[in-house]
Amino acid sequence: MLHKQEFPTDNSASPAPVPRARRRRPGFWFFVLAFVFLLLASGLSLYNIWQAHQAEQATAAAIHALPPQIQEAIHQGETTPSGQRPDPDWPMPVAQVEGEEIIGVLEVPRTGLVLPILSTWDYDKLKRFPCYYHGSIYRKDAVFCSHDYPFQFGGLTELEEGDTARFIDCAGNTFTYRFQEQEYLQPTDVENMVFKDGWDLTLFTCAYNGLARYAYRFVEDGYLAVIPSHN
């Protein structure tokens, strides 16, 4: 005779098994990393926007505080080149504006840029203003550098061949230029940036990828000169 299976009737049941900790799937960690990178990118973008805003405010304050001879030359607009050109070996005069030493002001009519140019450069100064980098306006081999903020040299992407630019030094001498070409150079290609023959003025800035430089090349078209102070 078959007997029915007997089950324990006491309370000494076997303990329930301890559940295993669930392992995170690879997709979860990918999501976490992506979120962290997104936060970092957003923070960097906000910092860059804030930095650009600070630079724009500093530029506006400096333009407002320019010496009278520069203000007058800016307001003259287009001029007929004439006068005695400064000697190539003369040092460029400087002026103190908003606690910074400038060598003059750059104007680019197509883009609406009016920018003070500092007499020396370093990375901290470049956060606010375009800076002198090499050469001399008088010697016709000047090189200026700037960040690619839209209201600084980033706006030069709008230039077309033949567009004009003006540089007004701190004595009131006005030099006019014509835009000729844009070059894409590697950051280490200093030789072609500063010593390439045939360009009277070069403006350069970072390319948008940060791994190269845009160099905007100009030739001098004339000048309206006074005898500069070179004490």
Worksheet entry | Distance under 6.0 Å and angle within 45° of ring axis: R213 vs F204 | no
Worksheet item: Any donor and acceptor pair, going by atom type alone, linking the side chain of D141 with main-chain N or O of G135 inside 3.5 Å?
Response: no
Practice prompt. Please report the C-alpha distance between E98 and R128 in whole Å, then the side-chain angles of each, then the deciding distance to 0.1 Å, and finally whether the salt bridge (charged side-chain N to carboxylate O under 4.0 Å, His left out) criterion is met.
Written response: CA-CA 12 Å; E98 293 292 294; R128 293 174 297 154; over 6 Å; no
Worksheet item: Can you tell if the side chain of N173 reaches within under 4.5 Å of the side chain of L224, non-hydrogen atoms only?
Response: no
Response to the item:
For T174 and I168 the tightest heavy-atom approach is OG1-CG1, 3.8 Å
Item to complete: Test side-chain contact (heavy atoms from CB on, under 4.5 Å) on R166 and F175 and set out the steps.
Response: CA-CA 6 Å; R166 295 199 308 164; F175 301 83; over 6 Å; no
Discussion item. Working to the nearest 0.5 angstrom, can you tell me the gap between L203 CG and C145 SG?
Written reply: 10.0 Å
Practice prompt. Kindly determine whether R217 and T202 satisfy side-chain hydrogen bond (donor to acceptor under 3.5 Å, both in side chains), including the steps that lead there.
Written response: CA-CA 5 Å; R217 308 291 197 176; T202 295; 2.8 Å; yes
Worksheet item: For residues E158 and T111, is any side-chain donor paired with an opposing acceptor at under 3.5 Å?
Response: no
Fill in: Single hit among F144, F218, Y132 for ring pair (Phe, Tyr, Trp, His ring centres under 6.0 Å) with F167
F144
Item to complete: Could you list the residues that satisfy salt bridge (Lys or Arg N to Asp or Glu O under 4.0 Å) with E160, not counting sequence neighbours?
Response: R110
Worksheet item: How close do V108 and A165 get, heavy atom to heavy atom, and via which atoms?
Response: CG2-CB, 4.4 Å
Practice prompt. Working to the nearest 0.5 Å, report the span between CD of Q180 and CG of L159.
Written response: 11.5 Å
Practice prompt. State, yes or no, whether a side-chain contact exists between V97 and P67 at a heavy-atom distance under 4.5 Å.
Written response: yes
Worksheet item: Does T120 reach the side chain of C131, with side-chain heavy atoms less than 4.5 Å apart?
Response: no
Worksheet entry | Any I63 side-chain heavy atom under 4.5 Å of P116 side chain | yes
Practice prompt. Take Q152 and L115, measure what side-chain contact (heavy atoms from CB on, under 4.5 Å) needs, and give me the verdict at the end.
Written response: CA-CA 7 Å; Q152 291 186 358; L115 300 168; 4.1 Å; yes
Worksheet entry | Separation of S146 OG from K125 NZ (nearest 0.5 Å) | 14.5 Å
Discussion item. Measuring only between side-chain heavy atoms, which start at C-beta, is L201 closer than 4.5 Å to E220?
Written reply: no
Worksheet entry | Atom pair CD/CD1 of E100 and I117 - distance to nearest 0.5 Å | 12.5 Å
Fill in: ring pair (Phe, Tyr, Trp, His ring centres under 6.0 Å) partners for Y177, two or more places apart
none
Item to complete: Any chance you could measure D148, atom CG, to T205, atom OG1, to the nearest 0.5 Å?
Response: 4.5 Å
Item to complete: First locate atom CZ of F129, then atom CD1 of I102, and finally report the distance between them rounded to the nearest 0.5 Å.
Response: 9.0 Å
Worksheet item: Do V190 and L126 share a hydrophobic cluster, counting only Ile, Leu, Val, Met, Phe, Trp and Tyr and linking them when any side-chain heavy atoms are less than 4.5 Å apart?
Response: yes
Discussion item. Please enumerate all residues that pass salt bridge (Lys or Arg N to Asp or Glu O under 4.0 Å) together with K196, with sequence neighbours excluded.
Written reply: E183
Worksheet item: Is V194 linked to W199 within one hydrophobic cluster, defined over Ile, Leu, Val, Met, Phe, Trp and Tyr using a side-chain heavy-atom separation of less than 4.5 Å?
Response: no
Worksheet item: With no hydrogens and no angle check, do the side chains of D89 and Y138 hold a donor and an acceptor under 3.5 Å apart?
Response: no
Item to complete: Using a 4.5 Å cut-off on heavy atoms from C-beta on, say whether the side chain of Y216 contacts that of D163.
Response: no
Discussion item. Show, in sequence, the C-alpha distance, side-chain angles and deciding distance for L113 and E107, and conclude whether the side-chain contact (heavy atoms from CB on, under 4.5 Å) test is met.
Written reply: CA-CA 6 Å; L113 299 180; E107 285 187 288; over 6 Å; no
Discussion item. Could you check whether any side-chain heavy atom of K140 comes within less than 4.5 Å of a side-chain heavy atom of P88, counting everything from C-beta outward?
Written reply: no
Worksheet item: Relative to each other, are the rings of F151 and Y149 parallel, tilted or perpendicular (30° and 60° limits)?
Response: parallel
Discussion item. Assess the residue pair I103 and L118 against the criterion (side-chain contact (heavy atoms from CB on, under 4.5 Å)); give the C-alpha distance rounded to whole Å, side-chain angles, the decisive distance to 0.1 Å, and a yes or no.
Written reply: CA-CA 6 Å; I103 58 171; L118 299 194; over 6 Å; no
